Amino acid sequence: MISQLINDLTAHRRSYIDCNPIFARLAGGGLTRFHYLAYLRETYHLIKHTPKYLTIAANRVAENDERLANYFRNFSREETGHELLCIRDIDALGENVDTIISGDPNPGVWGIVTQCYFWATQGNAVALLGDAFATEELGVARGVEVARLLETNYSIPRQATNFLRVHGSEDKEHLEAAARAIEWYAGNHDLYSDIDYAVRMTYRYYGQLFTDVLELGDAWSK
């Protein structure tokens, strides 16, 4: 059941992620260290919010769904401080961290962050399982391979790919945990529809995040 659920939800990635030109440019040598810095910047602005909205959601659902609240609390603890990996990677590239991360996030990050705070505070908090699934699945599918390509083809030092390597290795467990939690609601059409919608929207906004990385990296490369 879980493997089929993962396959069904992962199918949405093809529409929004796999066709993004960032991966062809990465494989073909068409990126620069500035694109990687742009990725680290956007990712920093994204994941620093994860423990916050998960904690809000856990507190909101605790009275009626303790099992889901415990999932959110555990996931929040595991994600706490991961933005520091991005900072470590930026520093390892010899860049001024404050300069790189300054300013507001671009539209892709803004979309993911705002939707998650909405689900945590006003909407159906169960939908956050869809966001968790999409982000963790993306880490499993791409993280380690992207880190390898950056190190091999772009001379990015290994000490500057901490975030990608950590998430590429840890996210398989997180993906399976998210899928098990989604299975709790698979029999409820309305709840599962909200989860499925969240998966699709998160992949879509992540596709925009990659487009933002290309645009910012191109601008910084000039």
Side-chain angles (χ1 to χ4, degrees), residues 16-17 19-26 30-57 75-76 78-123 128 131-132 134-136 138-139 142-143 146-147 149-151 154-168 171 198 201-222:
Y16 302 111
I17 301 297
C19 59
N20 192 285
I22 196 170
F23 298 108
R25 285 185 60 176
L26 173 67
L31 299 183
T32 69
R33 67 192 299 275
F34 293 105
H35 293 96
Y36 182 45
L37 285 165
Y39 167 77
L40 292 171
R41 177 195 188 274
E42 296 304 307
T43 302
Y44 167 83
H45 283 288
L46 173 64
I47 62 176
K48 71 179 183 180
H49 290 281
T50 305
K52 300 175 186 178
Y53 62 69
L54 288 173
T55 299
I56 293 170
F75 193 28
S76 175
E78 291 171 356
E79 293 295 302
T80 296
H82 279 202
E83 74 275 12
L84 300 179
L85 294 172
C86 296
I87 289 177
R88 185 189 306 174
D89 289 341
I90 294 169
D91 186 63
L93 290 170
E95 297 291 336
N96 183 288
V97 172
D98 291 336
T99 299
I100 295 298
I101 67 174
S102 65
D104 297 321
N106 281 298
V109 169
W110 183 251
I112 297 173
V113 169
T114 55
Q115 73 173 7
C116 288
Y117 275 115
F118 169 75
W119 288 322
T121 60
Q122 302 294 324
L128 286 170
D131 173 81
T135 55
E136 301 304 312
L138 193 53
R142 298 287 187 175
V146 169
L149 286 171
L150 288 171
E151 293 168 14
Y154 292 89
S155 299
I156 300 295
R158 183 174 175 81
Q159 62 266 29
T161 60
N162 292 286
F163 177 82
L164 285 168
R165 287 187 290 102
V166 166
H167 277 259
D171 283 358
M201 291 306 294
T202 301
Y203 280 137
R204 182 169 186 166
Y205 283 131
Y206 243 108
Q208 179 61 50
L209 185 157
F210 292 140
T211 298
D212 297 337
V213 166
L214 287 177
E215 292 176 355
L216 184 57
D218 286 348
W220 282 353
S221 297
K222 294 180 181 178

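Keep in mind it's a predicted model, so treat the numbers as computed, not measured.
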Does Asn96 have any side chain to side chain contact (heavy atoms under 4.5 Å, CB included) partners at least two apart in sequence or in another chain, and if so, which?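 Partners of Asn96 under the side chain to side chain contact (heavy atoms under 4.5 Å, CB included) test: Asp98, Thr99.
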So, for [X] and [Y], which heavy atoms are closest and what is the spacing to 0.1 Å?
X	Y	value
Arg165	Ala147	CG-CB, 3.8 Å
Tyr36	Leu164	CE1-CD1, 3.9 Å
Ile47	Pro51	O-CD, 3.6 Å
Ile100	Leu37	CG2-O, 4.0 Å
His35	Ser221	CE1-OG, 3.9 Å
Asp218	Arg25	OD1-NH2, 3.1 Å

Can you tell me how far the [atom1] atom of [X] sits from the [atom2] atom of [Y], to the nearest 0.5 Å?
X	Y	atom1	atom2	result
Asn106	Asp212	CG	CG	4.5 Å
Arg41	Phe34	CZ	CZ	15.0 Å
Thr161	Tyr154	OG1	OH	14.5 Å
His49	Glu83	NE2	CD	9.5 Å
Lys52	Leu54	NZ	CG	12.0 Å
Leu84	Asp91	CG	CG	12.0 Å

Walk me through whether Ile22 and Thr211 qualify under side chain to side chain contact (heavy atoms under 4.5 Å, CB included). CA-CA 7 Å; Ile22 196 170; Thr211 298; over 6 Å; no
Given His167, which of Glu136, His82, Arg142 fulfils the side-chain hydrogen bond (donor to acceptor under 3.5 Å, both in side chains) condition?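 Filter result, single survivor: His82.
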Chi angles and distances behind the side chain to side chain contact (heavy atoms under 4.5 Å, CB included) call for Ile101, Leu40: CA-CA 8 Å; Ile101 67 174; Leu40 292 171; over 6 Å; no
Hey, is the main chain of Leu93 close enough, under 3.5 Å, to the side chain of Arg33 for a donor-acceptor pair?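 Pair found, side chain donor or acceptor close to backbone of Leu93.
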Check whether any side-chain N or O of Asn162 sits under 3.5 Å from a backbone N or O of Leu85 as a donor-acceptor pair, and report yes or no. no
Report yes if the side chains of Phe75 and Leu128 come closer than 4.5 Å at any heavy-atom pair, otherwise no.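 They are not in side-chain contact.
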Side chains of Val166 and Phe163: closer than 4.5 Å at any heavy-atom pair? no
Verdict with reasoning, Asp89 to Ile156, per side chain to side chain contact (heavy atoms under 4.5 Å, CB included): CA-CA 10 Å; Asp89 289 341; Ile156 300 295; over 6 Å; no
Show me the side-chain donor-acceptor pairs of residues 107-116 shorter than 3.5 Å, one per line, residues at least two apart or across chains.
from	atom 1	to	atom 2	distance (Å)
Thr114	OG1	Trp110	O	2.7
Thr114	OG1	Gly111	O	3.2
Gln115	NE2	Thr202	OG1	2.9

Residues in ring-ring contact (aromatic ring centres under 6.0 Å, His included) contact with Phe210, at least two apart in sequence or another chain: Phe23, Tyr206
Take Leu216 and Glu42 through the side chain to side chain contact (heavy atoms under 4.5 Å, CB included) test and state the conclusion after the steps. CA-CA 10 Å; Leu216 184 57; Glu42 296 304 307; 4.1 Å; yes
Taking everything shown except Arg204 itself, do over 12 heavy atoms lie less than 6.0 Å from its CZ? no
